[in-house]
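In what follows, a structure is listed as structure tokens, so that the remarks can point back to it.
Chain letters run A, B, ... following the sequence lines, proteins first, then strands; residues in each count from 1. Computation of the quantities below employed the complete heavy-atom set of this structure, encompassing side-chain atoms and omitting hydrogens, waters and symmetry-equivalent molecules.
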Amino acid sequence: MRVRFAPSPTGHLHVGNVRTALFNWLLARGQNGTFILRIEDTDVERSTQDSDAAILEDLHWLGLDWDEGPEVGGAAGPYRSSERLSTYQSRVSDLLEGGLAYYCFCAPEQLEAERKVALANNLPPKYSGRCARIDPAEAKRRMTAGEPAAVRFRTPQNRDVVFQDLVRGEIRFHTDVIGDQILVRSDGHPAYNFAVVVDDGLMGVTHVVRGEDHISNTPRQILIYEGLGLTPPAFGHVAMVLGPDHTKLSKRHGAVSVDEFREKGYLPEALLNYLALLSWSPGKDQELVPLVEMAKRFSLSDVGHSASVFDEEKLAWVNRHYLKEADPKRLAMLCAPYLERAGYINGPLSASGAAYLGSLVPVFNTSVDRLDQVPQRLRQLFEFSAASALDDPGIRAEVEAGAARQVIDALAEALASAPRLSDKQAFRGVADRVKQKTGQKGRALFHPIRIALTGAGDGPELDLLVPAIDRGADLDAGSGVVPVIGARERARAFADEIK
RNA sequence: GUCCCCAUCGUCCAGAGGCCUAGGACGUGGCCCUUUCAAGGCCAAAACACGGGUUCGAAUCCCGUUGGGGACGCCA
């Protein structure tokens with residue numbers, strides 16, 4: 001089995017395309033097949049090097065590795081259509097010589113006008129065939145005279161083109177609805193339907209799995225395969241990915257490209273796992289399944305036929321799952337850029353700085369959807385001001401109610417003589433002393449402590465947060481992490497502020 | 001307009017004639033847990049588009065209607 005993913009480098013990789021790439025990858029990995037990456041840069045106007053590079057980078061990030069294609073090479077290369085021009089040329093001259101294709105001299109403006117008229121008259125807009133009857137010798141003469149010409153395929157009339165779609169079953173088209181398609185544009189570049197057939201055919205692709213929007217291209221391509229004397233591969237068309245309003249997912253729906261999801265702090269394994277759940281299911285009541293396991297279970301015949309709506313909330317849920325499972329060292333490194341942007345990291349991380357970040361993972365990894373929310377969740381670590389906390393009327397009121405002041409005073413006192421609270425036990429010990437001294441317990445004890453130590457009424461668990469504060473306060477100057485004010489200093493400042 | 005595809009909770013999937021009083025997940029609501037916000041646990045509300053067939057029996061098969069989507073380019 002040889003499958004391929006053939007994006008055109010005209011923008012960022014869209015999640016809909018990623019889903020298609022994933023299905024191809026799953027198929028290849030599950031059946032010991034070959035996954036080919038081919039860059040379809042036939043449109044010189046719109047293709048860019050940047051997009052080309054971005055697509056490769058996105059696929060690397062996702063971990064969808066290819067067996068043949070750019071960077072890795074392969075026997076069927078080259079793997080960019082811009083490098084295969086001579087192949088297309090020789091194939092098109094075969095077609096021209098066999099009378100299966102002809103030169104077309106129609107001006108684009110004229111064709112455009114004709115199409116509008118057809119549409120306005122409720123007729124299928126298809127090429128009139130005006131140039132189909134020009135004598136080949138005459139055409140050659142006009143060509144050599146310098147007249148610009150495209151090459152069109154002579155579509156056989158009055159027959160059906162039938163194929164067995166791997167996901168949908170038999171699909172049938174009548175050739176009357178298919179006009180004579182452009183094979184080569186007047187600028188010499190191949191048109192998509194031609195390039196794709198030549199490439200898939202010559203690369204020995206056995207299964208073409210692509211989006212539903214290509215269904216109507218399939219009979220056109222099958223006709224070209226026949227003209228070229230090549231055996232068509234099997235085709236499978238997967239349904240579209242839609243936005244919440246049930247139209248094709250696009251930028252106006254928010255984030256749609258891989259780089260945007262990476263930027264927001266989704267893990268690649270989460271994005272892929274979520275995408276696999278669109279139009280497919282790994283099995284009885286299971287949704288969170290590792291990729292390798294999915295590959296074992298994946299089958300095109302199990303893929304659904306109807307379009308699905310992309311739901312970022314569910315993606316977030318999948319992401320939370322993988323955030324809990326991820327290695328802390330990896331997460332620490334992944335969230336560093338976000339912390340840096342927030343100003344919580346101000347230089348290269350030393351070993352102790354990196355270790356500190358790693359120790360912070362349990363503080364946020366069960367309570368955050370994405371990595372870009374980490375700085376917000378950790379802000380109490382790096383931002384503390386008793387004075388500005390007390391500007392908040394709610395905080396002020398809480399501090400002045402009941403025995404809060406006594407608790408805070410006792411806390412400041414207990415902390416003054418205590419060493420840094422490097423773990424949960426140490427913090428509990430101090431809390432116990434405050435409890436003995438004030439007779440407060442439960443919320444009446446812990447809420448004032450939380451306020452005095454964090455400046456806020458809510459936030460991460462104190463058992464985790466307080467030791468994190470004091471470990472941060474112990475960090476040396478060159479750690480790369482912004483200085484953290486210790487618990488002792490925080491309690492003192494708060495006690496003084498409310499005197 | 002023409003051609004093609006599709007149709008189960010708000011959303012994603014399960015269901016391949018009796019196992020369906022339609023199952024799971026996200027989200028939503030409630031309860032529990034809890035020193036806060038989360039997380040976690042439990043419970044609940046929530047769907048077979050409609051109309052005809054076929055059959056002893058249909059969410060499942062057939063036809064039609066309606067609705068949605070896609071394609072119709074010298075874009076891919």
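- Every residue two or more places apart in sequence or in another chain that forms a side-chain hydrogen bond (donor to acceptor under 3.5 Å, both in side chains) with A:Thr48 is listed here: A:Ser51.
- When distances run from any side-chain atom of A:His447 to the nucleotides B:C6, B:G40, B:U35, the shortest one goes to B:U35.
- Checked against side-chain hydrogen bond (donor to acceptor under 3.5 Å, both in side chains), A:Tyr322 has the following partners two or more places apart in sequence or in another chain: A:Asn273.
- Judged as a salt bridge (charged side-chain N to carboxylate O under 4.0 Å, His left out), and not counting sequence neighbours, the contacts of A:Lys116 are A:Glu112.
- Lacking a ring centre under 5.5 Å from that of the base six-membered ring together with a plane angle below 30°, A:Trp317 does not count as stacked on B:C26.
- Of all the residues in residues 212-220 of chain A, A:Glu212, A:Asp213, A:His214, A:Ile215, A:Ser216, A:Asn217 reach under 4.0 Å from RNA chain B with at least one non-hydrogen atom.
- Residue pairs meeting the salt bridge (Lys or Arg N to Asp or Glu O under 4.0 Å) criterion with at least one member in residues 431-440 of chain A, sequence neighbours excluded: A:Glu413-A:Lys437.
- Taking A:Lys248 as the reference, A:Asp213 meet the salt bridge (charged side-chain N to carboxylate O under 4.0 Å, His left out) condition, with sequence neighbours excluded.
- A:Glu170 pairs by the side chain to side chain contact (heavy atoms under 4.5 Å, CB included) definition with A:Val162, A:Gln164, A:Arg172, not counting sequence neighbours.
- The CG atom of A:Asp369 sits 9 Å away from the P atom of B:G27 (whole-angstrom rounding).
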Between protein and nucleic acid, restricted to nucleotides 10-14 of chain B and to nitrogen or oxygen atoms under 3.5 Å apart, what atom pairs and distances do you find?
| residue | atom | partner | partner atom | Å |
| --- | --- | --- | --- | --- |
| B:C12 | OP1 | A:Val309 | N | 3.0 |
| B:C12 | O2' | A:Leu277 | O | 2.8 |
| B:C13 | OP1 | A:Ser279 | N | 2.2 |
| B:C13 | OP1 | A:Ser308 | OG | 3.4 |
| B:C13 | O2' | A:Ser281 | OG | 3.1 |
| B:A14 | O2' | A:Lys284 | NZ | 3.3 |

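- Listed by residue number, A:Gly457, A:Asp458, A:Gly459, A:Pro460, A:Glu461, A:Leu462, A:Asp463 are the residues of residues 453-463 of chain A with a heavy-atom contact under 4.0 Å to RNA chain B.
- Applying the salt bridge (charged side-chain N to carboxylate O under 4.0 Å, His left out) test to A:Asp245 and every residue at least two apart in sequence or in another chain returns A:Arg252.
- Under the salt bridge (charged side-chain N to carboxylate O under 4.0 Å, His left out) criterion, A:Asp470 pairs with A:Arg420, not counting sequence neighbours.
- Between A:Tyr127 atom OH and B:A71 atom P the separation is 24 Å, expressed in whole Å.
- A:Ile36 pairs in a side-chain contact (heavy atoms from CB on, under 4.5 Å) with only one of the listed residues (A:Val3, A:Asp200, A:Val205), which is A:Val205.
- Among residues at least two apart or in separate chains, salt bridge (Lys or Arg N to Asp or Glu O under 4.0 Å) pairs with a member in residues 295-323 of chain A are A:Lys264-A:Glu312, A:Glu287-A:Lys314, A:Glu293-A:Lys296, A:Glu293-A:Arg297, A:Arg320-A:Asp369.
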